[in-house]
Structures are given as structure tokens and as C-alpha cells.
There are 2 protein chains.
Amino acid sequence: MSAKIGQRSTKQRAAVAAALAEVDDFRSAQDLHDVLRRRGDLVGLTTVYRTLQALTDSGDIDVLINSDGESIYRHCGQSAGHHHHLVCRKCGRTVEVEGKAIERWTDAIAHEHGYSDITHTMEIFGLCPACARESTEAMS
Amino acid sequence: MSAKIGQRSTKQRAAVAAALAEVDDFRSAQDLHDVLRRRGDLVGLTTVYRTLQALTDSGDIDVLINSDGESIYRHCGQSAGHHHHLVCRKCGRTVEVEGKAIERWTDAIAHEHGYSDITHTMEIFGLCPACARESTEAMS
DNA sequence: ATGTTTATTGATAATGCTTTTCATTAAGGC
DNA sequence: GCCTTAATGAAAAGCATTATCAATAAACAT
Ligand SMILES: [Mn+2]
Ligand SMILES: [Mn+2]
Ligand SMILES: [Zn+2]
Ligand SMILES: [Zn+2]
């Protein structure tokens, strides 16, 4: 929402924002750096990292850590409101999912054990239809 | 469950297992390496990593990736079966929770979108009763 | 427009976790 | 005890991310 990621607007930050808008999958900083290079926007890798960090801090994009321990970023559709993700572990294709049931369940469990001030993380990983098809074709 | 982490039993593996039994919160490989050193068990860091990897693969211990992207391990009570955790963000106190509802829900969502080969992560964080009490006392 | 200030950039070096190498050691079966 | 080979671990490599710091360029004043 708020674009307050710094006090000066630069072409580098605009380029990172554009790249995030173009691909709407979760991507690593280095992936996005490559996307930028292919687009013709020469932005330093350091700046990509810095900008993603700033956008994450301001809540404008979502970040999650994949099973390799690497951070991946995404500009979410309705960045307003708590939601979760179904992510393809191969290509990053993402579906945003919302689940009141989960929210209620985690709160119930936590209170049951006397825990307060609850938060939770929850992401689903799998192979998207396209990547699954690719996999089976490769076997034949 | 199965202790089949290899075909030979060594004192190093026994030492790692003992260290895991002694501390029952989530710890990094390097933390456990220090615990071993303090115990007087000289086990190479490489071996600690390898053993934790093996124990994780065989399902004997749980691993999760913290917000720094570092893997932390824990020997769980009933190590049989998939489960999740309710972790105190202050002191690390952990409660193991099981939730068939979550498992069914994630699978349903994933299949609904055509995703296959599903896994998921889900952890609950909060303040345990003891830490919450401490917090309110500090305010008075 | 030109100059001044200083936030921002980015090439490079450094950090830190984890994995790979590979020569040495020691289980387990005989 | 001997043999086979899994297992160990010191050292090097790999890899994502962060820290440095001199050069650059927004924002603002003149
Ligand atoms: Mn999202
Ligand atoms: Mn557990
Ligand atoms: Zn995919
Ligand atoms: Zn606590």
C-alpha cells in the first residue's frame, strides 16, 4: 500500500516494482535480478536485495522462506488481509488461499494450551499442473 | 521410530542422539555441536550435520526453518506421525499439536487447483503462560 | 540552469550456514 | 586378528545474503 520505501524515487526501484508486477509468482532476489537484466533494466543485485527488503518491511509484498532456506518474494493481488499460499516448488506458480477454518483452528489450539498473542505460518507446496505434466512426459 | 540411519552404529551418532534427548527445544546444528562439546563428546561438525540430515530423512526428528533461514532440529515426543508445533516465541517452549483437519484441508485446496505431490508447513507462535505472566508483571 | 547536500547505488569483499572432498579411521562379519 | 567398506572430520568449496565505501544522482536551494 504505502510506497514509503525511502525518500527518493529512483529508476531502479521502479524497475524492481515493474518486475514484481510482471511475474506474479514467488521469486528469489536473484531470479528477479535476472528478470530485470532480460528486461534491459540494469539494476545491481545489492539494490534488488535492498528494495525487496524495504518493500517487505512496508508490507507491500509477501516474503516466505522455501525449503532450501531461501527467501522468495511476491507482489500479492489483494495485499490487504491475511492469507496463505499454494506454491509450485518447481516454477513458483502461486495461488492465494484464504482459510477461516485454519485461523479458527490455530487460535483454538493455542488458547487451549494457554498461549496468547498468537500468530502462525502456513504454506502449501506442490507441483502445479504444468510442471507435473512436464515431469511425467520426461519419463516416457 | 526406525533407527535405520545407516548400517553401522557409532559413538558419534549415539552422542548426537543423546544431545537431542537432553535439550527438547528446537536447536541449530551448530548449537547442538556446542552442546556436544560441552558434554565432552567431540563430534565433528560435518558429522552433526550428516546425522541430523539422516535423522530427519528417517523421520526420527523434526526440522523447521527459522526466520533467518537456518534449519533447527528437535527430537519429538511421539515421533510417529506428522504433526505441528505451538512454539513460545520468547522461551521456545513447544507443544506438539496434531490436526487431521489441517491435513485434509491442505490436500483438498491443493487438489482443487490441480497441484500434486503436496507438502505443507505450519507452525503456531505465541507467548506461553509463563512468559505471558512475566510480561504483565513487568508492567506493574 | 547551476550548485549543494546526502540518499542511493553497485562492484567488491566479507559473513555464515551448509555441502563436498578425500584421506584416515573403525564397525561388523569372517 | 583380518578384511571390507561405511563413517568420520579437517579443510575447501558453494551459495545466499549482508557490509563496505567510493561514485552517482535525486531533491532542493540559489
Ligand atoms: Mn500472498
Ligand atoms: Mn514435533
Ligand atoms: Zn510449476
Ligand atoms: Zn515462553
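Values in this document were obtained by computation on a predicted structure and should not be read as measured data. Basis for what follows: all heavy atoms, side chains included, without hydrogens, waters or symmetry-related copies. Below, read A as the first sequence line, B as the second, and so on, with proteins coming before strands; counting in each chain starts at 1.
Side-chain rings of H120(A) and H82(A) approach one another, their centers coming within less than 6.0 Å.
Residues E123(B) and H85(B) have side chains that bring a donor and an acceptor to within less than 3.5 angstrom of each other.
Across all strands, I72(B) comes closer than 4.0 Å to no nucleic acid atom at all (heavy-atom distances). No contact: I65(A) has no heavy atom under 4.0 Å from any strand.
Nucleotides of DNA chain D nearest to A29(A) and R50(A) differ in position, and the one nearer the 5' end is that of A29(A). Nearest-nucleotide mapping onto DNA chain C: of K11(B) and V43(A), the residue sitting toward the 5' end is V43(A).
Residue T10(B) places its side chain closer to dT8(D) than to any other of dT12(C), dT8(D), dA16(D). Taking the side chain of E70(A) as heavy atoms from C-beta on, and the options dA16(D), dT8(D), dC17(C), the nearest nucleotide is dA16(D).
Between dA26(D) and Q7(A), no contact under 4.0 Å exists linking OP1 or OP2 to a side-chain N or O. The shortest distance between the side-chain N/O atoms of S71(B) and the OP1/OP2 oxygens of dT18(C) is below 4.0 Å. Dashed line: the shortest gap from a side-chain N or O of R13(A) to OP1 or OP2 of dT9(C) is under 4.0 Å.
Under the 4.0 Å criterion applied to side-chain N and carboxylate O atoms, R74(B) and D25(B) are not assigned as salt-bridge partners.
For the pair Q30(B) CD and dT19(C) P, the interatomic distance rounds to 11 Å; values are reported in whole Å. Here dA10(D) presents its P atom at 15 Å from OH of Y49(B), a figure rounded to the nearest Å. L52(B) has its CG atom 13 Å from the P atom of dG9(D), to the nearest Å.
The base of dT6(C) is paired with the side chain of R8(A) by a donor and an acceptor separated by under 3.5 Å.
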